[in-house]
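Presented below is the structure to which this report refers.
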Amino acid sequence: MKIAVYPGSFDPITNGHLDIIKRACKVFDKVIIGVLVNPNKAGLFTIDERVELITKVVKNIPNVEVESFSGLLINFMKKKESKIIIKGLRAVSDFEYELQMSLMNKKLDPEIETVFMMTSAINSFLSSSAVKQVAIFDGCIKDLVPDEIIPCIFKKIKEL
Ligand code: PNS
């Protein structure tokens, strides 16, 4: 059984993430979405809220699981019995950072492979930070994130 882990901050999940998840689910038997608990980076949503939003948008995809993790990704992967990391690549600017992480993970565990999926062109400009900026200034985030989480994003921003 080919189990892949798709790690990230997902603060919040975007249509770019969802596209990668859907495509990865066709390639692997199971995709585990790993939401990083990062004590050094306060986000808009708490970790539990991020997991809840992701769970809501992937509910109809049968071979996906969502879980949070802290510490090293390779330790989470060991726990989940996975050797495959999935990452999405948008532009050349992503490459350097992703190469560094992929090589570091390989150094920590040589059996790990990182599989990169190119963004769909329509999502190539998308990031969680850009979505938050637009939403904070009351801009339109339709087509940037799944429709069902738009009200949750605006509600959360109003609580800030
Ligand atoms: O969505 P992001 O913030 O770009 O995701 C980054 C993430 C979660 C993939 C990365 O920060 C990560 O794997 N963190 C866990 C710590 C770790 O294993 N570091 C070693 C690789 S440099």
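Throughout, numbering of the chain's residues begins at 1 and tracks the sequence.
Look at Lys83 and Glu113 and you find no salt bridge, because none of the NZ, NE, NH1 or NH2 atoms lies under 4.0 Å from a carboxylate O. Salt bridge absent: Lys56 and Glu52 never bring a charged side-chain N and a carboxylate O closer than 4.0 Å. Note on Lys87 versus Asp94: no salt bridge recorded, every NZ/NE/NH1/NH2 to OD/OE distance being 4.0 Å or above.
The CG atom of Asn123 lies 8.0 Å from the CD1 atom of Ile20; values are rounded to the nearest 0.5 Å. Interatomic distance, Ile122 CD1 to Asn15 CG, rounded to the nearest 0.5 Å: 8.5 Å. Here Lys106 contributes atom NZ and Glu111 contributes atom CD; the two are 8.5 Å apart, rounded to the nearest 0.5 Å. Rounding to the nearest 0.5 Å places NZ of Lys158 at 12.0 Å from CD1 of Ile153. The NZ atom of Lys132 sits 10.0 Å away from atom CG of Leu160, with the distance rounded to the nearest 0.5 Å. Atoms CZ and CD1, on Phe154 and Ile149 in that order, are 11.0 Å from each other to the nearest 0.5 Å.
Residues Lys22 and Ile61 form a side-chain contact, since some pair of their non-hydrogen atoms from C-beta on lies under 4.5 Å apart. Side-chain contact between Cys140 and Val134 is absent, with no heavy-atom pair separated by less than 4.5 Å. When side chains are defined from C-beta on, Lys80 counts as touching Glu67, because their heavy atoms get closer than 4.5 Å. Side-chain atoms of Val58 and Leu18, non-hydrogen and from C-beta on, do get closer than 4.5 Å to each other. In this structure the side chain of Val115 never reaches within 4.5 angstrom of the side chain of Ile85, judged on heavy atoms. In this structure the side chain of Phe76 reaches within 4.5 angstrom of the side chain of Ile32, judged on heavy atoms. No side-chain heavy atom of Thr119 sits less than 4.5 Å from a side-chain heavy atom of Leu89. Considering only heavy atoms from C-beta on, Ile33 comes within 4.5 Å of Phe10 through its side chain.
Hydrophobic clustering (ILVMFWY, side-chain heavy atoms < 4.5 Å, transitive): Ile112 and Leu103 are in distinct clusters. Transitive grouping of hydrophobic side chains (ILVMFWY, heavy atoms separated by less than 4.5 Å) keeps Met77 and Val35 in distinct clusters. Residues Val92 and Phe116 do not share a hydrophobic cluster, defined by chaining ILVMFWY side chains whose heavy atoms lie under 4.5 Å apart. The same ILVMFWY cluster, assembled from side-chain heavy atoms under 4.5 Å apart, contains both Phe125 and Met117. Cluster membership for Leu53 and Val145, using ILVMFWY side-chain heavy atoms within less than 4.5 angstrom, is shared.
No donor-acceptor pair under 3.5 Å is formed between the side chain of Arg90 and the backbone N or O of Ala121. Of the possible polar contacts, none joining the Glu98 side chain to the Phe95 backbone as a donor-acceptor pair under 3.5 Å is found. Remark: side-chain polar atoms of Asn63 are paired, donor with acceptor, to backbone N or O of Phe28 under 3.5 angstrom. Between the side chain of Asp109 and the backbone N or O of Ile74 there is no donor-acceptor pair closer than 3.5 Å. The backbone N or O of Phe45 lies less than 3.5 Å from a partner atom in the side chain of Arg50, making a donor-acceptor pair. Using modelled atom types, one side-chain atom of Ser82 and one backbone atom of Ile3 make a donor-acceptor pair closer than 3.5 Å.
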Derivation of the side chain to side chain contact (heavy atoms under 4.5 Å, CB included) call for Leu36 and Leu73
CA-CA 8 Å; Leu36 176 70; Leu73 175 59; over 6 Å; no

Could you walk me through whether Thr55 and Lys59 pass side chain to side chain contact (heavy atoms under 4.5 Å, CB included), step by step?
CA-CA 6 Å; Thr55 306; Lys59 65 176 186 296; 5.8 Å; no

As a quick check of understanding, evaluate side chain to side chain contact (heavy atoms under 4.5 Å, CB included) for Leu144 and Thr14, giving each step before the final call.
CA-CA 6 Å; Leu144 308 184; Thr14 68; over 6 Å; no

The test is side chain to side chain contact (heavy atoms under 4.5 Å, CB included); show your working for Tyr6 and Ile21 and say whether it passes.
CA-CA 8 Å; Tyr6 180 43; Ile21 294 164; 3.5 Å; yes

Are Ser128 and Asp11 close enough, and set up right, to give a side chain to side chain donor-acceptor pair (under 3.5 Å), and what steps lead you there?
CA-CA 6 Å; Ser128 297; Asp11 186 39; over 6 Å; no

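His17 approaches Pro12 most closely through the heavy-atom pair CE1-O, 3.8 Å. When all heavy atoms of Leu44 and Lys156 are compared, the pair lying nearest together is O-CE, 3.1 Å. The nearest pair of heavy atoms linking Ser68 to Ile47 is CB-CG2, 3.3 Å.
The local environment of CD in Glu159 is crowded, with over 12 non-hydrogen atoms from other residues, nucleotides or ligands closer than 6.0 Å.
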